[in-house]
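Structure, as structure tokens:
A note on names: the letters A, B, ... follow the listed sequences, proteins ahead of strands, and every chain is numbered from 1. Source: prediction; values computed, not measured.
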Amino acid sequence: MQYAQIILPLNLKGTFTYKVPDELFSVIQPGMRVLVQFRGKKIYTGIVFELHNQEPIEFIPKDVISILDEQPILPPEQISFWKWLSEYYLCNLGEIYRFAFPSSLKLESETYLKLKPNTVIEFENLDVNEMYLIQALEVKQLINLTDIEAFIPKKDIIKTINSLIDLQYIEIDEKISEKYKAKEVAYVKINDEVLRNQNLTEILLKLNKAKKQKDLFLHILEKQTENPDLPIKKSQLFEDGYFVSAHFKSLADKNLVEEYYLRKDRIESYEGEIEELEELTETQEVAKAEINEAFSEGKNVLLHGVTSSGKTHIYLEKIEDCISEGKNVLFLLPEISLTKQITQRLEKKYGRQLAFYHQKLTDFEKVEVWRRIKNNDIRILIATRSSLFLPFQNLGLIVVDEEHDSGYRPREVSPYFNAKDAALVLAKFYDAKVISGSATPSVESYYSARKGKMKYVFLGERFGSVKLPEFELINFKEAQDSKKVSGNFSLRLIDEIKKTLEDKNQTIILHNKRGYASVLECESCGYVNYCSNCDVVMTYHKSANEMKCHYCGQRASKPKVCPKCFSENLNERGVGVEQIHEEVSKIFPDSEVDRMDVDSMRKKFAYEKLYEKIEERETDIIVGTQMISKGLDFDHIELVAIPKADSMLYVQDFRAEERAYQLITQVSGRAGRVSGEGKVLIQTYNPDHSVFQLIKMNNISKIYKYFLTERQKFNYPPFTKLIMIELKHRRDEKVNRASQFLGSVLRKYLPEDCVLGPERSQISRLNNLYQFQILLKLPRGKKYQEYKSLVLLSLKEFDEITAYQSVKKDVFVDF
DNA sequence: AGCACGCCGACT
DNA sequence: GTCGGCGTGCTC
């Protein structure tokens, strides 16, 4: 094989042909990384996609400089998967490569390196090249590969860098975004000072007046001396209810104890003992048997289990089955913060054979996981969507937890693929099985399971036969007419919250809108505050006292007077979660009311602190956005209230009702998890709306039947396939013309009723880019392939118009 | 993607 | 007369 098709880490179509020099002939294999030159002197790490003997005629290929791997870094299953992904989602292989690989595995000319802070370097163990590079970095803090070419031979560069990265002397400079929040857990210890200097008897004497504080102090002291290396979890202190956090706080105020935080999601071994799994309940046993049956028939499974039905328990059983057969497991989550119970159990059992993978790891940590997966050192990987590209060996099972979650398909990061669907395909290449699980499966998955493409396994009962919460609809219009309201709350709702407070239980209030008011409007001239980058009004955030654009993140100070007519009367329109929080605090002045949304959780440890507060039952009422539907599994939440439920339904999106159903169901799952006495109050102007009525009846098959009928009526998925094409450009005129042109080309090839638009996107300008979109509704089945190739043809025709090349084009398959 | 090339207006 | 904006073309 004389020629290689190479994938480059650039967003370019297809692969590039390079000549394999004689000396590399016998070594080169698909899936290996190679060093190549591209465009003049630039060096890139590419991946061998295919080898062949066909000499290119239109250009003279360059040589492969060198091979970086002894064994292919990508197994053949992954190469097939990449190929499928790029064809199905109409994205470039280079895009996938960039997304899939950690930076230090794809070094290129523009990669910048720096010394790792606080490292002691042992020079005597370094070779000449390594020494040069370290010295260069001591002089100049940041160096890129092009700079390095000046003093290290091209062929040795990557080797030198890799060896220094391995030694942890240097690292890749990646301006890691500030968003990163490590999941940390609070631990406690006796103040170091106290242990060193002070007289214990004296301290205890002083504490004699506060018995509980003294007990707590002794408790911590005892634990700490018993096993100095085992950190003491703060939450553990309050488990049996004898101590409360106020006791701890008093001790901390006296400087006797202190709390500290440790990162939770680090790859670390666990030394505790392994608990045996509890027996499955009868219902769970049945579900497990059904899964086994499905697997033996070669079918994948959709596990539809109501909230608290113990899906996790079943996953665990199947994970252990898979591992005991000698195969490995990938456990997918929509976001890594949701590790919760599953991790604890698995960490105990598998220790170092368990690892985590997600985009918030440092580059070094990512490479570490890559290496261990490659060496088949990991039995189970808990990870987000980017893990699908890891070089798995012997993969036997993929679990997709919370399969309905939109986190599997973020719209902002390319390549645009749906991880839950891609997981099914990846599993096929590995001959592995998939369990997708959710309490509220997506309509598409439900349909596909009901059609027999997957096995549908239903768990309709909560663990331990605990009853599901009871739903009640409150007619807000009626309440208003009879003057039984206070602000956004009906007296009925206030009454129920009061009752819950009296029983010393907790309430969750869902209001899925950030900020205080969605608009500030001038009373006299109607002026509203638009974002300067986007065609969107800015939201008023009272707690931060500023205006925010929720789309581009821009902030502005709150206007005191109308900038246009100088009127001082600015009306707040549209209720946000901050306002609901304020209202609730006023109605219940003696209760602890906390807010949970992205804005209030931005501060370091904010989430951890609130979590513990709720766990210790210091918080009485939690007001929050959709964030509260995830991960809040507490025993004493008995009431879930949704004061303005209508706002969820009136969103311009054919999935709005499905989303509302999922959100309401997920949040209500927090209520009465132990008592079985949970209550959900939905306040609405439209109590007769089908979605609310169906939720109240809690008849799952009817709900899905309703969704499916609606989808069929309006030709939406799963009855059709959607492709959305979005065009963006700084100049409105240009993108308008471009999208008209693309629309006409598409209509040339496709039937009229398949092409909708072009029309302005819902947000016509975002980040200073004007946006237009075209929606394609294509038939399913065999015809789809045919139609899709026509779409591809149209896109190609569009790409040939040079004038439109500067128009950014995003294609979302299965929109 | 990202970089060089080339064509126009705003400055010393 | 030059600096730098961005539209265009091209990469094995």
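The environment of Tyr132(A) atom OH is sparse: at most 12 non-hydrogen atoms of other residues, nucleotides or ligands sit within 6.0 angstrom. By the 6.0 Å contact criterion, NZ on Lys83(A) is open, its count of non-hydrogen atoms from other residues, nucleotides or ligands being 12 or less.
We find that NE2 of His52(A) is positioned 10 Å from C1' of dC12(C), with the value rounded to whole Å. Taking atom CD of residue Gln37(A) and atom P of nucleotide dT11(C), one finds them 15 Å apart after rounding to whole Å. Distance Lys734(A) NZ to dG7(C) P: 6 Å, rounded to the nearest Å. If you measure from atom CD1 of Ile6(A) to atom P of dT11(C), you get 17 Å, rounded to the nearest angstrom. The nearest whole Å value for the distance from the CD atom in Gln805(A) to the C1' atom in dT11(C) is 13 Å. The CD1-P distance, from Ile57(A) to dC12(C), rounds to 17 Å in whole Å. If you measure from atom CD1 of Ile60(A) to atom P of dC10(C), you get 17 Å, rounded to the nearest angstrom. When rounded to the nearest whole Å, the span between NZ of Lys42(A) and C1' of dC10(C) equals 14 Å.
Not one side-chain nitrogen or oxygen of Arg730(A) sits closer than 4.0 Å to the OP1 or OP2 atom of dG5(C).
In this structure, Tyr804(A) and Phe798(A) have parallel ring planes: the angle between them is below the 30° cut-off, well short of the 60° mark. Below 30°, between 30° and 60°, or above 60°: for Tyr88(A) and Tyr784(A) the angle between ring planes is between 30° and 60°, a tilted geometry. Taking the six-membered ring where tryptophan is involved, the planes of Phe38(A) and Tyr44(A) are perpendicular, since the angle between them exceeds 60° and thus also 30°.
Two rings, from Phe81(A) and Phe389(A), have their centers less than 6.0 Å apart. Aromatic pair Trp370(A)/Phe101(A): centroids less than 6.0 angstrom apart.
As judged by a 4.0 angstrom heavy-atom cut-off over every strand, Lys13(A) is placed among residues making no nucleic acid contact. If you check every strand for non-hydrogen atoms under 4.0 Å, Tyr18(A) touches sugar and phosphate atoms only. Contact annotation for Leu12(A): base contact, defined as any heavy-atom pair under 4.0 Å involving a base atom. Residue Pro61(A) is in sugar-phosphate contact alone, with no base atom involved, counting any heavy-atom pair closer than 4.0 Å across all strands shown. Across all strands, Lys19(A) comes closer than 4.0 Å to no nucleic acid atom at all (heavy-atom distances).
Here dG9(C) is the nucleotide among dG7(C), dC12(C), dG9(C) with the atom lying nearest to any side-chain atom of Thr802(A).
Chain A approaches DNA chain B over the interval dA1(B) to dC3(B), counting the first and last nucleotide 5' to 3' with an atom under 4.0 Å from its heavy atoms.
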